[in-house]
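What follows is one structure encoded as structure tokens, with my remarks underneath.
The analysis underlying the following values was restricted to heavy atoms, covering all of them including side chains, and did not include hydrogens, waters or symmetry mates. By convention in this document, chain letters (A, B, ...) are assigned in the order of the sequence lines, proteins followed by strands, and residues within each chain are numbered from 1. These numbers come from a predicted model, not from an experiment.
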Amino acid sequence: MSKNKRGVFPRKIKGFRDINPELNQLRTKIITKAAEVYRKYGYEHWDTPSIEYADNLGKYMPDKDTIEEGVYSFRNPENEPVYTNKGEELRDNDNSVIMENHYLSMRYDLTAPLARLYSEKVWQSYMQGNLTEKNMPLFRRYQFGKVFRYEAKLDPGRFREFWQIDFDTVGTNDVSADAEACMILSDAMEAIGLKRNTYIVNVNDRKILKGFLENIGVFKLKIEDDGKILQSEYLEQAILRIIDKVDKIYLKGVLEELGKGRTDISGAKIIGLDLPESIISGINNYLSAFENIKTRAEIIEKLTEFNITNDIFNEGLEELKKIDLLLKNIGYKDDRIMFTPTLVRGMAYYTGPVFEVNSLQTYKDHKGRKRAVGAICGGGRYDGLVKNLLGIKAPATGASIGVDRLAELLMLTNQNDDLEDGPVFIVMFDDNLMPEYQKIAAELRNAGIETEVYYGSQKQLKKQMKYADKKNSPIALLIGENEFKEGVVTVKNLKLGKDKSMQTIQDRNEWQSKIQKQVKRENLIEYISKIIK
RNA sequence: GCCGCCGUAGCUUAGUUGGUUAAAGCGCCUGAUUGUGGUUCAGGAGAUCAAGGGUUCAAAUCUCUUCGGUGGUACCA
């Protein structure tokens, strides 16, 4: 026998996981509660396929057969025509249609499929030339489901398959929609069960950051890297990424990374951007202005005090003012939604307001270290949606709740509800009584009570009781020959047996007499209904 | 991806100047227990010490490689 003989054994793919009933219960609750809030604001529930044409999902078109850029992609087994941007079949010199196995990708978020969905809906009027950036139709939908990312390194709590519940508004420039998105996030957090002051919705506006950087002359810089002059967008992204880390590496670390670089606690050297002193001190002024500020009004005051004449900056400032006014009128105070001028969010596609929900709670890991979960929701305005598919822009804003992160937070901070009761359990004593067991089960189900009849091959009563116990059944019904003849049922209250006061009982008979009772068959359904309530 | 640490029963861990049958708690299984889940008591199964190579008379222990985990860092649609 060859030692290297290829075999099969049960295992799962790295970064994927099985979800047990407890976690499923929590996840279902999060999704249900969030969806209720979304619907309250008028969002409709849409669903889209898990797999899309790779070119429809965005810029991640693999040109090799390997998976790159963090997306699961593969060739469609089916051969299909190649199309032009206008949807016409592409033909070769012999006028026959060019066929190809197109690249497919598993969705890596719910926004890219939204862009495709929306584009398809407006496709006809786009083709007729009736669609401009000014008259994009309004579309508001929410969606939840699994998304997939091929993460190279799997940090704890990060998976390759995870859930999002997302809502978006397409077709409006009005930042009222962004303010509304923040209210929705706050409402959703509280509907799910997070207490006031244990979370905060942080809001910023990309225009403020961009305008500020422009004002201090960042975009006039000519920074060279290996002889190549860097694009200003690249530099903007690089600076924003560093600013985003201010919570983690503090002002000092940010300034070092903007300058000559620094060495972190692990000893790793981080190369700095080596920006001129004037730029660094400008950013320093900006960041240090907001230390110890507790209200949105004060933030707006500080931003106004900069007295900056840059148009983009002031546009952003006006947007924040409008958002603040709206929130204030409706009563969303600083303890729920706060402005955070240092908030960036990684993604390059954000164009205006950005928001993020952070948990303020900490927990101790198994080694006793104090830890925090970090951002549990994220979103913002992205006015470039649909550009990839139609060549014109649609203004859009929306956000997503990281369902798995939030579930983890609830479990780590012991905010998950107790596991729901399992079914009423009917013990299998005697094959001949099966019709009676089934009859009782049907009656209970008709009364709206979940009921299970035991079918297992391990028929020892002890095994059956342990099975019911593991399934968290509240009640077990015992009907043997004796009970059947006498027209009674032994009802055992398993839930009561788990009660702490019962744990002190040493005597077996005493224990049993307290939790089990004989009930007349004709009163059974009523009796159980009362216990289950 | 880069740097550091770790990998011993299902889980949590003990086990170094390399030296008999690798230890414990929890969990699991069997019985006392009566057709009866908890508690109590008695007993039992379960580990090629992550995998593969090297050094040695001798490796869980030293060394190399790979894989997996973890703490940073980078990236993140």
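Comparing the C1' positions of B:C49 and B:C6 gives an interatomic distance of 14 Å, to the nearest angstrom. Look at the C1' atom in both B:C11 and B:G4: the space between them is 27 Å, to the nearest Å. The same atom, C1', is picked in B:G72 and in B:U63; the two are 27 Å apart, to the nearest Å. B:U56 and B:G18 have their C1' atoms separated by 9 Å, given to the nearest Å. The separation of B:U30 from B:G38, taken at their P atoms, amounts to 12 Å, rounded to a whole angstrom. Look at the C1' atom in both B:A59 and B:G15: the space between them is 14 Å, to the nearest Å. To the nearest whole angstrom, the two P atoms, one in B:A14 and one in B:G52, are 24 Å apart. The gap from the P atom of B:U20 to that of B:A60 amounts to 9 Å, rounded to the nearest Å.
A donor-acceptor contact under 3.5 Å links the side chain of A:Arg508 to the base of B:U39. Taking 3.5 Å as the limit, the base of B:G35 and the side chain of A:Glu483 contain a donor-acceptor pair of atoms between them. With hydrogens and angles ignored, no donor-acceptor pair under 3.5 angstrom links the side chain of A:Arg241 to the base of B:C76. Taking 3.5 Å as the limit, the base of B:U36 and the side chain of A:Lys492 contain a donor-acceptor pair of atoms between them. Contact of A:Gln516 with B:U36 (side chain to base): a donor-acceptor pair of N or O atoms is detected under 3.5 Å.
Close to B:C29, at under 4.0 Å from its OP1 or OP2, lies no side-chain N or O of A:Lys462.
Aromatic ring centres of A:Phe148 and A:Tyr72 lie farther apart than the 6.0 Å criterion allows.
Taking the ring axis of A:Phe159 as reference, the NZ or CZ atom of A:Arg17 stays within 45° of it and closer than 6.0 Å to the ring centre. A cation-pi geometry, defined here as NZ or CZ lying under 6.0 Å from the six-membered ring centre and within 45° of its normal, does not hold between A:Arg160 and A:Phe16. Taking the ring centre of A:Tyr103 as origin, the terminal cationic atom of A:Arg75 falls inside the region bounded by 6.0 Å and 45° from the ring axis.
Pair assignment for B:U70 gives B:G4, based on Watson-Crick or G-U wobble hydrogen-bonding distances that are each under 3.5 Å. Across the strands present, B:C41 finds its partner in B:G31; the criterion is a Watson-Crick or G-U wobble pair with both atom distances under 3.5 angstrom. With a 3.5 Å ceiling on both atom-pair distances, B:G46 lacks any Watson-Crick or G-U wobble partner.
Using modelled atom types, one finds a donor on one side chain and an acceptor on the other under 3.5 Å when comparing A:Arg140 with A:Tyr43.
For the pair A:Lys466 and A:Asn509, both in contact range of RNA chain B, the more 5′-proximal nearest nucleotide belongs to A:Lys466. Along RNA chain B, the nucleotide nearest A:Lys470 and the nucleotide nearest A:Ile479 are compared for position; the residue whose nucleotide lies closer to the 5' end is A:Lys470.
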